[in-house]
Number of protein chains: 2
Amino acid sequence: MPFMLDEFLPYRLNVAATLISRRFAALHQEETGLSIPEWRVMAHLANEGQVSIRDIHARVNLDKSIVSRAAARLEQAGHLRKSGHMQDRRLISLELTPKGQDLMQRLGEIADAFQARLHAELGPEAERFETMLEQLITNAARGNDTAA
Amino acid sequence: MPFMLDEFLPYRLNVAATLISRRFAALHQEETGLSIPEWRVMAHLANEGQVSIRDIHARVNLDKSIVSRAAARLEQAGHLRKSGHMQDRRLISLELTPKGQDLMQRLGEIADAFQARLHAELGPEAERFETMLEQLITNAARGNDTAA
DNA sequence: ATATTCCCGTTGCAACCGCAACCGCTCTTT
DNA sequence: AAAGAGCGGTTGCGGTTGCAACGGGAATAT
């Protein structure tokens, strides 16, 4: 049994992730033009209100620098506004502009529809799937590496 | 319900994929130094023998150019050998060198062990999980986009 | 046989990623 | 209060990605 690449879980996860992301991108890309990092920043802002870069970095699995640059692009595009934090002047408060809120409103619907579609395709066991995915993430998150 | 990013399947798939890939990389990186594309090319060669670039491209979800460059690096490192195809001189035959075979031998063991470990962490339903993952992939593969 | 079309692999290029260095600000220590 | 350590965000840089264009080779049509 020489080892089969396409039965290898990491490989399949990667393939699934890129394909699904492409599908999703195809649904909103033309309307929004957002990249994946930009989309994540927007989505996080949409239900957190005022947030700093480091918060996003900690929450959505993106490097500081990526969040920083995504935010710069989004500000440039008029989707969010940066403002200084007054207690701690190192921090920067990010906040959606009305324009950004509108966009996310629309995008949220697209995302929800897509999510529903995926669930439908997965059938009744979609919930199980999500749970196990969660399992994988948390296991990997706290370095399950050297331990045995 | 403002839309929760971390219940969004594409997002979670992406996070899971990158984390798992990181875990796997940590296990073999130091020994092999292979990047993900390189690893895929090697793995495919390991159980296909002589293959052309386009075959790999079609099988392992990588752009032509990426396969081409990965192959160049691997040849440079002495893991594979390129040779011209004689029927069709457009094609290039890639083949593992003995050194490359040794590496894949070793790497296959690491991969199998990791796979086993993941299955253990997922518990008895790992099979179900794999099946549904497959489902997602095939659904996405043949453009499930515009079809309402 | 020649021209047109198509295919394979490589390369150019612009964008992006990840990491580390950096600068300014805050907190702690003394 | 001054110095040092620590934190937050940006920027520089090497390497990678993805796409489109290219050049050589094969296949088809006339």
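Every chain is numbered from 1 and lettered A, B, ... according to where its sequence line falls, protein lines coming before strand lines.
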**Request:** For residues A:F3 and B:G108, report the shortest heavy-atom separation together with the two atoms involved.
**Result:** CD1-O, 4.5 Å

**Request:** Classify the side chain of A:S35 versus the base of C:dC16 as yes if they form a donor-acceptor pair under 3.5 Å and no if they do not.
**Result:** no

**Message:** Ring-plane angle category for A:F8 and B:F24, please: parallel below 30°, perpendicular beyond 60°, tilted otherwise.
**Reply:** perpendicular

**Complete:** Among the nucleotides D:dT10, C:dT10, D:dC7, whichever has the atom closest to the side chain of A:R54 is D:dC7

**Interatomic distance, B:H57 NE2 vs C:dC7 P [rounded to whole Å]** = 12 Å

**Request:** Nearest whole angstrom, please: distance from the P of D:dT17 to the CD1 of A:I66.
**Result:** 14 Å

**Message:** Tell me which residues in residues 68-90 of chain B lie within less than 4.0 Å of DNA chain C, going by non-hydrogen atoms.
**Reply:** B:S68, B:R69, B:K82, B:R90

**Complete:** B:I36 CD1 to D:dG15 P, in whole Å, measures 18 Å

**Prompt:** How many Å lie between CG on B:D55 and P on C:dG9, as a whole number?
**Reply:** 8 Å

**Side-chain (B:Q115) to main-chain (A:L9) donor-acceptor, under 3.5 angstrom** = yes

**Fill in**
To the nearest angstrom, the CG-C1' distance between B:L91 and C:dC7 comes to 9 Å

**Request:** Taking all non-hydrogen atoms of both residues into account, name the closest pair between A:F129 and A:L122 and its distance.
**Result:** CD2-CD1, 3.9 Å

**Where B:I20 and A:A140 come nearest, the two heavy atoms and their spacing** = CD1-CB, 4.4 Å

**Smallest separation among heavy atoms of B:A70 and B:E38, with atom names** = CB-CG, 4.0 Å

**Request:** Kindly say if A:S65 contacts the phosphate of D:dG9, meaning a side-chain N or O under 4.0 Å from OP1 or OP2.
**Result:** no

**Request:** Rounded to the nearest angstrom, tell me the gap between atom CD in A:Q29 and atom C1' in C:dA15.
**Result:** 13 Å

**Fill in**
Taken to the nearest whole Å, CD1/B:I92 to P/D:dG25 is 12 Å

**Asked** Side-chain contact, heavy-atom cut-off 4.5 Å: A:R128 with A:T131?
**Response** yes

**Request:** Find the distance A:K64:NZ to D:dT11:P and express it as a whole number of Å.
**Result:** 13 Å

